[in-house]
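Worksheet: one structure, shown below.
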Amino acid sequence: MWRSNPKACVTRKFFVEWVNLVFGPSVKKYLQEKNLPVQALLILDNVPAHPPNLEDDILEEFKFIKVLYLPLNTTPILQPGPR
């Protein structure tokens with residue numbers, strides 16, 4: 001899925017579309033194919049495109065996805081990068 005926005009790489013609207021049109025269906029299909037429990041955890045950092053209460057925007061059929069936000073200022077510590 002590809003979208004563009006002149007002001008930002010990702011907006012809340014685009015991110016919610018991605019969760020409901022790409023992530024949710026893909027995860028559900030994978031879990032069902034592998035005969036795994038249909039439950040998932042989406043871990044996000046605190047960028048503006050990942051606003052609070054994202055679970056409110058997830059479609060009912062994907063409510064098996066739980067959202068967990070990393071604490072503030074932890075992303076640089078956790079992301080691999082050049083040293």
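Since the structure is predicted, the reported quantities are computational estimates derived from the model, not experimental observations.
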*To the nearest 0.5 Å, tell me how far Leu68 CG sits from Leu44 CG.*
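Those atoms lie 8.0 Å apart.
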
*How many angstroms lie between atom CD1 of Ile65 and atom CG of Leu42, to the nearest 0.5 angstrom?*
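So the CD1 of Ile65 and the CG of Leu42 are separated by 7.0 Å.
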
_Within residues 33-61 or reaching into it, pairs that qualify as salt bridge (charged side-chain N to carboxylate O under 4.0 Å, His left out) - sequence neighbours excluded_ =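 Listed once each, the pairs are Arg12-Asp57, Lys29-Glu33.
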
*asked:* Quick check: is Leu54 connected to Leu72 through a chain of hydrophobic side chains (ILVMFWY, heavy atoms under 4.5 Å apart)?
replied: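 Cluster IDs for Leu72 and Leu54 differ.
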
*For residues Pro37 and Leu31, report the shortest heavy-atom separation together with the two atoms involved.*
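Looks like O-CD1, 3.7 Å.
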
*Set of ring pair (Phe, Tyr, Trp, His ring centres under 6.0 Å) partners for Phe62, sequence neighbours left out*: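 Phe62 satisfies ring pair (Phe, Tyr, Trp, His ring centres under 6.0 Å) with no other residue.
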
*Enclosure of Phe64 CZ (heavy-atom neighbours >12, cutoff 6.0 Å)*: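 Correct, the count exceeds 12.
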
